[in-house]
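Everything below concerns the one structure shown next.
Each chain gets a letter, A, B and so on, in the order the sequences are listed, and its residues count up from 1.
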Amino acid sequence: MDNGAGSYRRFLDGDESAFDEIMEELFYSLVFFVDRYVQDIHGAEDIAMDVFSDLVVHRHRYNFKVKLKTYLFMVGRSRALDYIKHRKKVEFVELSQAETVADDGKDLLELVLADERKRRVNEAVSRLPRDMAVAVHLIYFDRLSYEETASVMKKNRKQVDNLLYRAKKELRIILGEDGEQLL
Amino acid sequence: MKELESYKAEILRRSEEKIKKRRQNRKRLILCWILVCLCAVIGAAVWLSGTDSAESEMATQDLLPESAMESVMASTTAPFQSVQIRDWTGKTTVVEDRAKVGKLYQAITDRYAAANANATENKIMEYRFAEDCTGAMWMFAESVPGYEIQFTTDNGETRCFRFWLDGWLMENGDLDKSVFLSPEQVEELKTLLTEG
């Protein structure tokens, strides 16, 4: 699989079903990734939908030089940072709705993280500082290469290396001796 | 979490909205460009017409002697009753003979016409004080001797000329109404004035 680039090429050629394939392959992982920044599942969904609608509207912005997944994550990251900057106040959620929001988050985790091992790591990753968490997320959950991770995070390879090194040290502390095997 | 299908429907709805907005923005941009172009065209036209009028103004100034004569001739509205002549020494003569007054007036206007027939534009008049006939500045204190000639009509209107013996004849301190006379013309006018 070429992480959606082939499907997108077919979509550009007029094959509407190719868009469904891209959605299936990348939508939830984009929501999961954006949620790592915004810590708000509905905001993350909204941003992900916006990123995908841009893919439909601005058909020639993606130039196939990187994987479609990397491109979408780059756009998603920048939208997420914008979202955080403009989110001036914390929006309070009614208690009755709060359960739904929490359930939505759980649903997403179930969809994206099928196995228990990943879920435990995800919990630990959530406790890391944001940059470290994002770096681990991209490498560990999304299987991006170091170079792709660096492009998405707008950092160089060395910075990503350092972030991962420090993140692993932190994770060992958080997960304890049992967790050592998870990494 | 919603179904993937409902996300897709929402994505397509947003896409349509964005496309519509983009079209509107493009239309606005085109309109703006048209307005800018129109403004530029109008601005250029105004600028060009300004240049034309400046050129025509310059052309008018080239014809200054003629216009000086025309303005002197045109402002003759009523017959003159008297003329007061004052020379550079301060000596004042008043002539009330209408025939003589008319003759002197005619002579001055003739000088304008004659001077215009000759090329006078190369002569540059040095700055001289000459406000008006009742003005405090009496130019004969200057180094060039001359006369102040003031005509008065029946209803009290006055017209004032200044005549320097170096050849300049000017109305009412107005450089636009000045002409340069030949030595012969100067002599003729001087004789008329002293005869008066």
(request) Look at atom OH of Tyr165(A) and say whether more than 12 heavy atoms of other residues, nucleotides or ligands are closer to it than 6.0 Å. (result) no
(request) Working to the nearest 0.5 Å, report the span between CG of Asp46(A) and CD of Glu10(B). (result) 8.0 Å
(request) Select all residues of residues 11-27 of chain B having any heavy atom within less than 4.5 Å of some heavy atom of chain A, and report them by number, or 'none'. (result) Ile11(B), Arg14(B), Ser15(B), Lys18(B), Ile19(B), Arg22(B)
Considering only distance and modelled atom types, tabulate donor-acceptor pairs under 3.5 Å from the side chains of residues 150-163 of chain A, sequence neighbours left out.
unit_1	atom_1	unit_2	atom_2	d
Ser151(A)	OG	Glu147(A)	O	3.0
Lys155(A)	NZ	Asp131(A)	OD2	3.3
Asn156(A)	OD1	Lys158(A)	N	3.2
Asn156(A)	OD1	Gln159(A)	N	2.8
Arg157(A)	NH1	Glu147(A)	OE2	2.9
Gln159(A)	OE1	Asn156(A)	N	2.8

(request) Classify the ring geometry between Tyr7(B) and Phe27(A) as parallel (under 30°), tilted (30 to 60°) or perpendicular (over 60°). (result) tilted
(request) Consider only side-chain heavy atoms of I, L, V, M, F, W and Y, link residues closer than 4.5 Å, and tell whether Val57(A) and Phe11(A) are in one cluster. (result) no
(request) Find the distance between CD (Glu24(A)) and NZ (Lys8(B)) and round it off to the nearest 0.5 Å. (result) 10.0 Å
